[in-house]
Amino acid sequence: MRAQDVLPDGQDFAVIDGQPLRKGSVAAFLANVRILEDASMPAADRQAAEQDLASLIPTLDALGLFDVFELRSPALRAEVARHRAALSPAPAAAALPRA
């Protein structure tokens, strides 16, 4: 499958599992990772990159990116896992106290 088979010319996004996947989502995620991993970046840039990265996680999750690729950086892997866990609803049975 080629890129144009997923998003043809003139189409900027697709909806996958209810999440809009815009062209550039994966590239934006990678750009934010590079900023976060660059210790020389100003704190404000790193904070903005963390927020932008977090906002992309539901879309990339719907795409299946994290099911196929393992993030090499332990810190990034933990950060993404933290955001994914916060997005996943807890099973109803686990939320109820046992008698």
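All values below come from the heavy atoms of this structure, side chains included, with hydrogens, waters and symmetry mates left out.
Checked against side-chain contact (heavy atoms from CB on, under 4.5 Å), A54 has the following partners two or more places apart in sequence or in another chain: H83. Taking the side-chain contact (heavy atoms from CB on, under 4.5 Å) definition, one finds that Q19 meets it with P58, T59, A62, sequence neighbours left out. In this structure Q11 satisfies the side-chain contact (heavy atoms from CB on, under 4.5 Å) test together with L7, P8, A14, sequence neighbours excluded. Residues forming a salt bridge (Lys or Arg N to Asp or Glu O under 4.0 Å) with R72 (at least two apart in sequence, or on another chain): none.
Hydrophobic cluster membership differs between M41 and V33, with clusters built from Ile, Leu, Val, Met, Phe, Trp and Tyr side chains linked at under 4.5 angstrom. Neither V15 nor L65 shares a network with the other; the hydrophobic side chains, linked directly or stepwise wherever heavy atoms of I, L, V, M, F, W or Y lie under 4.5 Å apart, form separate groups for each.
Contacts classified as ring pair (Phe, Tyr, Trp, His ring centres under 6.0 Å) and involving residues 19-73 (residues at least two apart or in different chains) are given here: F29-F66. Residue pairs satisfying the salt bridge (Lys or Arg N to Asp or Glu O under 4.0 Å) criterion with at least one member in residues 57-68, sequence neighbours excluded, are listed as follows: D61-R84. Screening residues 7-26 for ring pair (Phe, Tyr, Trp, His ring centres under 6.0 Å) gives no qualifying pairs among residues at least two apart or on separate chains. Sorted by first and then second residue, the salt bridge (Lys or Arg N to Asp or Glu O under 4.0 Å) pairs involving residues 33-51 (not counting sequence neighbours) are E50-R82. For the salt bridge (Lys or Arg N to Asp or Glu O under 4.0 Å) condition, the pairs that include at least one residue of residues 4-23, sequence neighbours left out, are R2-D5.
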**Request:** Please assess I35 against D52 for the test side chain to side chain contact (heavy atoms under 4.5 Å, CB included), listing each intermediate value before the final yes or no.
**Result:** CA-CA 11 Å; I35 292 169; D52 292 342; over 6 Å; no

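In this structure, the separation between CD1 on I57 and OG on S25 is 12.5 Å, given to the nearest 0.5 Å. Interatomic distance, CG of L36 versus CD of E79, reported as 7.5 Å (0.5 Å rounding). Separation of atoms CG (L21) and CG (L63) is listed at 5.5 Å; rounding is to 0.5 Å.
Here the side chains of L60 and V80 are not in contact, with every heavy-atom distance at 4.5 Å or above.
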